[in-house]
Amino acid sequence: MSRKTKINVLLPFKMVGELESRARNNTRSSFIESAIRNKLDGKEAFEAADIPTHQLWGMLHHRAENKVSKQLLMIIREMMLE
């Protein structure tokens, strides 16, 4: 097991609120550790699972190039709202 130490940092109020939501699931520390590690290693971590469903749907709808694609996305949206 690796040794760990507690540090104090100043963060924007809104960011603290976002991190607090992870505290309820006991994932806050591991999330912060992973984010810092990725930044220190020069990695840009991206996971589609991090994008809220409604935002992902909007991105897909915006990218749809034809009428059929848009209609299919509207059907998917209706199914998501059920």
Side-chain angles (χ1 to χ4, degrees):
M1 185 169 147
S2 64
R3 292 181 50 194
K4 298 187 179 197
T5 187
K6 185 177 182 177
I7 65 168
N8 293 317
V9 296
L10 298 174
L11 298 171
F13 187 76
K14 184 178 178 183
M15 185 181 292
V16 172
E18 292 176 58
L19 290 171
E20 285 303 313
S21 67
R22 293 183 178 276
R24 291 183 216 115
N25 299 334
N26 293 324
T27 61
R28 181 178 55 186
S29 291
S30 62
F31 176 82
I32 294 169
E33 182 179 348
S34 175
I36 293 171
R37 173 53 44 211
N38 286 335
K39 194 67 171 178
L40 289 173
D41 291 346
K43 296 179 184 172
E44 292 296 324
F46 171 78
E47 292 184 30
D50 293 336
I51 301 174
T53 302
H54 69 279
Q55 185 178 0
L56 184 58
W57 181 87
M59 292 165 62
L60 289 170
H61 188 264
H62 179 74
R63 184 173 283 189
E65 296 181 2
N66 58 52
K67 189 175 180 178
V68 174
S69 297
K70 289 188 184 226
Q71 288 174 336
L72 287 172
L73 286 169
M74 291 303 289
I75 292 170
I76 292 170
R77 181 173 183 242
E78 289 175 18
M79 293 172 67
M80 289 181 344
L81 297 175
E82 290 180 353

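Side chains are part of it too, since the values below use all heavy atoms of this structure and drop only hydrogens, waters and symmetry mates.
A salt bridge between E20 and R28 is present, with a side-chain N of the basic residue lying under 4.0 Å from a carboxylate O of the acidic one.
We find the CD1-OG1 distance between I32 and T27 to be 9.5 Å, quoted to the nearest 0.5 Å. Atom CG of L56 is separated from atom NE2 of H54 by 10.5 Å, given to the nearest 0.5 angstrom. Interatomic distance, NE2 of H61 versus OG of S69, reported as 10.0 Å (0.5 Å rounding). Taking NZ of K67 as the start and CG of L72 as the end, the distance is 12.5 Å to the nearest 0.5 Å.
Taking 4.5 Å as the limit, some side-chain heavy atom of E33 sits within range of a side-chain heavy atom of K4. Considering only heavy atoms from C-beta on, L73 stays 4.5 Å or farther from R77 through its side chain.
Side-chain N or O atoms of S34 include none that pairs as donor or acceptor with a backbone N or O of F31 at under 3.5 Å.
One hydrophobic cluster, built from ILVMFWY side chains closer than 4.5 Å, cannot hold both F13 and L10; they sit in different ones. A continuous path of hydrophobic side-chain contacts links I7 to V16 [ILVMFWY only; heavy atoms under 4.5 Å].
K39 NZ: 12 or fewer foreign heavy atoms inside a 6.0 Å radius. No more than 12 heavy-atom neighbours from other residues, nucleotides or ligands sit within 6.0 angstrom of CE on M79.
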Step-by-step side chain to side chain contact (heavy atoms under 4.5 Å, CB included) determination, W57 to M74: CA-CA 9 Å; W57 181 87; M74 291 303 289; 3.7 Å; yes
Steps toward side chain to side chain contact (heavy atoms under 4.5 Å, CB included) verdict (L60, R63): CA-CA 5 Å; L60 289 170; R63 184 173 283 189; 5.7 Å; no
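Here N26 pairs with nothing under the side-chain hydrogen bond (donor to acceptor under 3.5 Å, both in side chains) rule; sequence neighbours left out.
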